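Below you'll find the structure, written out as structure tokens, and then a few comments.
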2 protein chains.
Amino acid sequence: MPYDPSAFPPFAVTVDLVVLTVRRHSLCALAVRRGEPPFQGRWALPGGFVREGEDLSQAAARELAEETGLCVHDPAAPTQDNGAHLEQLATYGDPGRDPRMRVVSVAHLALAPDLPAPRAGGDASNARWAAVGELLEQSGYGHAGQPAAPLAFDHAQILADGVERARSKIEYSSLATAFCPSEFTVGELRRVYEAVWSVALDPRNFHRKVTGTPGFLVPTGGTTTRQGGRPAQLFRAGGATLLNPPMLRPEV
Amino acid sequence: MPYDPSAFPPFAVTVDLVVLTVRRHSLCALAVRRGEPPFQGRWALPGGFVREGEDLSQAAARELAEETGLCVHDPAAPTQDNGAHLEQLATYGDPGRDPRMRVVSVAHLALAPDLPAPRAGGDASNARWAAVGELLEQSGYGHAGQPAAPLAFDHAQILADGVERARSKIEYSSLATAFCPSEFTVGELRRVYEAVWSVALDPRNFHRKVTGTPGFLVPTGGTTTRQGGRPAQLFRAGGATLLNPPMLRPEV
DNA sequence: ATCATAGTCGTCTGCCTGACGATAATCAGT
DNA sequence: ACTGATTATCGTCAGGCAGACGACTATGAT
């Protein structure tokens, strides 16, 4: 059954971004307010059309830069400041997910350190960091919630998938450091795990674990007291990407 | 910057399939021979265009059925015979990956038990099971290899990603049972792990591990001697999808 | 000085794992 | 029937890691 090259339906292809960060001990995602129908006035994930001649990851990096000013952390460049982690998440192509036309969206997951207030093309009122719990509560992916409107399109599903990916991936990779500034303490890293997993971790066992995992952390020699209490050693992310042994998420 | 709904470039969207199985102690993938240009006569992964009104997973399931006769194992239906596991793998959209036009391919990963000879629209000479090592060797993803032609398009990359996904996913999920018939022995399951990981596992420790992991295996009561030697208990896959504790891949 | 806070080092116990010995139940030859 | 090959299954033992938790250190706030 050879195909007819002229007989394929045309699709629009977009990238949508799940941009996660940790703010005030809770996991937050970037949301933008839609300016036109459909779902006008509702919150949605940032995203846009893939352009001609543009790769999917290029399109995602461009959208990320437009929305946050972040540039993507190149895995080849080891010590690059203010770089975000970006990876493909999944692709959503339900017919009818966009009422206007057939749109296939390649969702990407970005992890960023705590940032200043977001900007959406210069308009701050149209972009915000929102706790993922609040964004998902009213969509059937969380617990009871306040009456805020759910996310547009199937973005609640995409966000839930992105959060789940982040939750599982910090177990066996050093990705949690993507939520931290270039230099950070063990306690700050622990608060990342606690926020993403919504659990409390024993500071002593956590310290032993991360400092004992080869390649995870390298001390910079400096110390800081920005968290209060006794000064803590500063570290930066080591070269290891896969953690062995992995961090273990406590059972619920 | 509101977008112009009429100003998006049209794409063709396809699904490509990485169908894996274990035959004669080695991991094999389904390959089809291309009947027309580009890459005429070369081996490629099965796939095809997504139709109008068709979901991505529907399109993947349809292509899988067309190529292999397998129907997809519905996670809701617990004990369905001859069902394959199917999941989305990743999406490949490099401009220029198809010389004819802009094509975005949503690759899927399918795991199937050992099957009779493949059929490609009834033409057996145009489809075969090939050891993944041979398929990847000549593409720079393996070691030294014979002078066979590499896979068409970027299918070697897709296959490599699919194999890597399968290798890591059988660690922490019960997915290895998707390579087995509905009833199988511990030894048969061990040979699946050995083939996928290309390692030798201790039969005694493996037996202790899998029979001790809750929800992984449920005995059927029957036994078989189809592997020779002492009769072995038959099991079927238990309800658990996530293994706790996970299977550990030996370090290299 | 005292307290609260956060960081760091140890100890102990239980569980899991890898290495490996031993036994059991079948089949193929002789 | 005996022997050997093959596979399955049970047991033992030592080492390592994880969770629970005590103890001490170094800072800032009152």
Side-chain angles (χ1 to χ4, degrees), chain A residues 24-25 170-172 180 183-195 197 199-236 240 242-252, chain B residues 24-25 170-172 180 183-195 197 199-236 240 242-252:
Chain A
R24 286 172 286 110
H25 293 200
I170 64 174
E171 282 192 79
Y172 56 90
C180 294
E183 295 198 353
F184 54 90
T185 70
V186 173
E188 290 164 348
L189 184 63
R190 176 170 48 84
R191 281 180 273 281
V192 165
Y193 277 91
E194 292 178 331
W197 286 344
V199 295
L201 299 175
D202 185 294
R204 299 158 290 191
N205 292 335
F206 184 87
H207 188 278
R208 177 185 56 188
K209 185 71 183 284
V210 295
T211 56
T213 298
F216 195 6
L217 302 180
V218 289
T220 68
T223 61
T224 184
T225 68
R226 63 181 170 229
Q227 298 290 340
R230 171 176 166 178
Q233 278 188 81
L234 284 170
F235 296 85
R236 71 177 69 240
L242 257 53
L243 299 185
N244 196 350
M247 305 293 298
L248 291 183
R249 175 162 28 168
E251 352 231 326
V252 189
Chain B
R24 285 174 287 112
H25 293 200
I170 64 173
E171 282 193 80
Y172 56 89
C180 295
E183 294 198 353
F184 53 90
T185 70
V186 173
E188 289 164 350
L189 184 63
R190 174 170 49 82
R191 277 172 216 105
V192 165
Y193 276 92
E194 291 178 332
W197 284 345
V199 295
L201 299 175
D202 185 292
R204 298 157 292 192
N205 293 335
F206 184 86
H207 187 280
R208 178 184 57 189
K209 186 70 182 287
V210 295
T211 55
T213 299
F216 195 5
L217 302 181
V218 288
T220 67
T223 62
T224 184
T225 70
R226 62 180 169 230
Q227 297 292 338
R230 170 175 167 179
Q233 277 188 79
L234 283 170
F235 296 85
R236 69 178 69 240
L242 256 53
L243 299 185
N244 196 348
M247 304 294 297
L248 292 182
R249 176 160 31 166
E251 354 230 323
V252 189

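No hydrogens, no waters, no symmetry mates; every other heavy atom, side chains included, goes into these values. This one's a predicted model, so the numbers in the text were calculated from it and none came from an experiment. Below, chain A is the first sequence line, B the second, and so on; all start at residue 1.
- In terms of position along DNA chain D, the nucleotide closest to A:Asn205 lies nearer the 5' end than the nucleotide closest to the other residue of the pair A:Asn205 and A:Gly228.
- Residues A:His207 and A:Val186 approach most closely at CD2-CG1, 3.8 Å, considering heavy atoms.
- Below the 3.5 angstrom threshold, one finds no donor paired with an acceptor across the side chain of A:Arg190 and the base of C:dG7.
- Following rounding to the nearest Å, B:Leu248 (CG) and D:dA18 (C1') show an atom-to-atom distance of 14 Å.
- Separating the CD atom of B:Glu251 from the P atom of C:dT17 is a distance of 14 Å, rounded to the nearest angstrom.
- Summarising the geometry, atom CG belonging to B:Leu201 is positioned 10.5 Å from atom CG belonging to B:Leu248; distances are rounded to the nearest 0.5 Å.
- Distances shorter than 4.0 Å separate some side-chain N or O of A:Lys209 from OP1 or OP2 on D:dA18.
- Nearer the 5' end of DNA chain C, as judged by each residue's closest nucleotide, is the contact made by A:Arg191, out of A:Arg208 and A:Arg191.
- Shown here is A:Arg226, whose CZ atom has more than 12 heavy atoms of other residues, nucleotides or ligands within 6.0 Å.
- No engagement by B:Arg226 is indicated, since no non-hydrogen atom pair under 4.0 Å with the nucleic acid exists.
- Scanning atom types as modelled, no donor and acceptor separated by under 3.5 angstrom connect the side chain of A:Arg230 and the base of C:dA6.
- A:Asn244 places its CG atom 12 Å from the C1' atom of D:dC17, with the value rounded to the nearest Å.
- Counting distance only, with no hydrogens placed and no angle test, the side-chain atoms of A:Arg204 and the base atoms of D:dG22 include a donor-acceptor pair under 3.5 Å.
- At whole-Å resolution of the value, CZ in B:Phe206 and P in C:dA19 are 16 Å apart.
- Rounded to whole Å, atom C1' of C:dA6 lies 15 Å from atom CG of A:Leu189.
- Here the shortest heavy-atom pairing between B:Leu189 and B:Phe216 reads CD2-CZ, 4.0 Å.
- In this structure, CE of A:Met247 is placed 13 Å from C1' of D:dG19, rounded to the nearest angstrom.
- Atom pair B:Asp202:CG and D:dT7:P shows a separation of 14 Å (rounding to whole Å applied).
- Taking 4.0 angstrom as the limit, B:His207 places none of its side-chain polar atoms (N or O) nearer than this to OP1 or OP2 of D:dA8.
- To the nearest angstrom, P of C:dT8 lies 11 Å from CD of A:Glu188.
- The aromatic ring centroids of B:Phe206 and B:Tyr193 lie less than 6.0 Å from each other.
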